[in-house]
Student: 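Quick one: structure below, then a few questions.
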There are 2 protein chains.
Amino acid sequence: MAELRETILRTSLELFEQKGFHGVTVNQIVAASNTSKGGFYHHFQSKDELLFVIHDTFITYVLKEAKAANEIHRSPIKKIQSIIKAFVKVFDLYKPHISVFYQESNYLKPEYEEQIKRKRDAFKQMVFQVIEEGQETGDFRKELPMEITGMAILGMVNWIYKWYSRDGKYTIDEIADVYVDIILHAVLTTNSVHEENLQSQMLERPFFTNEK
Amino acid sequence: MAELRETILRTSLELFEQKGFHGVTVNQIVAASNTSKGGFYHHFQSKDELLFVIHDTFITYVLKEAKAANEIHRSPIKKIQSIIKAFVKVFDLYKPHISVFYQESNYLKPEYEEQIKRKRDAFKQMVFQVIEEGQETGDFRKELPMEITGMAILGMVNWIYKWYSRDGKYTIDEIADVYVDIILHAVLTTNSVHEENLQSQMLERPFFTNEK
DNA sequence: ATTTAGAGACCGACTGGTTGGTCTGTATTG
DNA sequence: CAATACAGACCAACCAGTCGGTCTCTAAAT
């Protein structure tokens, strides 16, 4: 028998994704989860805690992935490839979480908000860091301001939650490969634009995933 | 003396930007606008209408800009430069509108939602269209799937609302130039990568704006 | 010039319905 | 027999929207 807590999380996520956090009442969640007010408040302190838990699971996962990708490789090129691939793939696993997150993150209670913000910033800094490294090694074009480039990359990937669907025309791996290709073409110096850094990527099977 | 309607729009926009549509009550809007419930409902049918008006002004503007940019130029390279520059600059003019839009668009009443959706789709199709043209003329790399590339561009730019600030390190024009540079490097074929299409852009003053 | 009539702008107490959360009670488990 | 897990009636707060009424300004009537 499934734990009620998990059932509530799963069910509410679906509702939130369609109607948004404010568009769903506790009573609706309770009905859809086949339980009662009592059941709900036995497992959660408040409706806000639900929102926090959803945010936190996804953020924690992304951060963990990025750290791993960052540690496995040495060269900035490989690093950014890994991070982006992992990052893009997260949208396949956690799309509902992410949708809710980006639509309601500014309703989080301050106590919760701070925790989330810290993890998000850590991730952002990793991306900035890699760009800086790449510019120092001469692999990435120095004329691109790091912050703007970083935000361009983050935006491009984050936006995926708005349009990606598992039944869509392209798989998440195809999308990830195209994104890596676009970003590398954008940031690599002409010296670094070689077959082994680019085209190969579009054919090769994922070189870094979490599936075993 | 300022029209009350305009005052309400301006004031509520500020509140919405910080707290979100659902985080602000009509009473708060009324208080911040130095008016009353009666004054509010004399000018607006409902709170939802406010949301619609905010969405519509910004969407209408973006679409108009893109159409103009599209008609002025012939070559896909120039077209995409124009569209992106205009698109990026919109975030300087309408950042509060856009913030509200992306955080609460799924709470729009169906009647309102349809109108907005139509205009958004029209804009998206224009971007897709230009990419396709560029691939046909041989200016853009054919190996990039149009839809993915288009969404990458849209995401990259749309995300600006999350981080751009007028007092930030970079002006909107600098950001626009970098974005154009990034996107052109990403999509142009090696044949088309010439000085006149790229670097020049980073120095040149805006070649297409609405200011006279 | 003065009065009158009416329309549009605006006020604010009030309401009907909704919502997150509580509390007492019951079943189930170890 | 605890202790945990859940049920569901209930409540206080809140909030969008209403409605009767006032104030102001214009324009026609006298």
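Proteins come first, then strands; the chains are lettered A, B, ... in the order of their sequence lines, and each starts at number 1.
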Student: Below 4.5 Å, heavy atoms only, C-beta onward: do A:Leu50 and A:Phe16 meet side chain to side chain?
Tutor: yes
Student: Would you kindly give the NE2-to-C1' distance between A:His22 and C:dG20, to the nearest whole Å?
Tutor: 12 Å
Student: Check the distance between C:dG17's P and A:Asn27's CG and give it to me in whole angstrom.
Tutor: 17 Å
Student: Among C:dG20, C:dC10, D:dA7, find the nucleotide with the atom closest to the side chain of A:Val26.
Tutor: C:dG20
Student: Examine distances only and state if a side-chain atom of B:Thr35 and a backbone atom of B:Ala31 form a donor-acceptor pair shorter than 3.5 Å.
Tutor: no
Student: With ring centroids as reference points, do B:Tyr102 and A:Trp159 lie under 6.0 angstrom apart?
Tutor: yes
Student: To the nearest Å, give me how far apart CG (A:Leu4) and P (C:dT28) are.
Tutor: 16 Å
Student: Roughly, in whole Å, what's the span from CZ in B:Arg5 to C1' in C:dG8?
Tutor: 16 Å
Student: Residues from residues 37-54 of chain A sitting under 4.0 Å of DNA chain C, heavy atoms only?
Tutor: A:Lys37, A:Tyr41, A:Ser46, A:Lys47
Student: Side-chain contact test, heavy atoms from C-beta onward, threshold under 4.5 Å: evaluate it for A:Val26 versus A:Tyr41 and give yes or no.
Tutor: yes
Student: Just one of B:Lys19, B:Glu17, B:Gln18, B:Glu14 clears the side-chain contact (heavy atoms from CB on, under 4.5 Å) bar with B:Val24, so which one?
Tutor: B:Lys19
Student: Are A:Phe87 and A:Phe123 near enough that their ring centres are under 6.0 Å apart?
Tutor: yes
Student: Find the distance B:Ile8:CD1 to C:dC10:C1' and express it as a whole number of Å.
Tutor: 10 Å
Student: Expressed as a whole number of angstroms, how long is the span from A:Ile29:CD1 to D:dA7:P?
Tutor: 15 Å
Student: Centre of A:Phe21's six-membered ring, under 6.0 Å away, within 45 degrees of the axis: is that where NZ or CZ of A:Lys47 sits?
Tutor: yes
Student: Begin with the C-alpha distance, continue with both residues' side-chain angles, and end with the deciding distance and a verdict on side chain to side chain contact (heavy atoms under 4.5 Å, CB included) for A:Arg120 and A:Phe101.
Tutor: CA-CA 12 Å; A:Arg120 291 198 64 193; A:Phe101 175 76; 3.3 Å; yes
Student: From CG of A:Asn34 over to P of D:dA7, roughly how many Å is that when rounded to an integer?
Tutor: 9 Å
Student: Just how large is the angle between the end axes of the helix from C:dA1-D:dT30 to C:dG30-D:dC1, five pairs per end, to 10 degrees?
Tutor: 0°
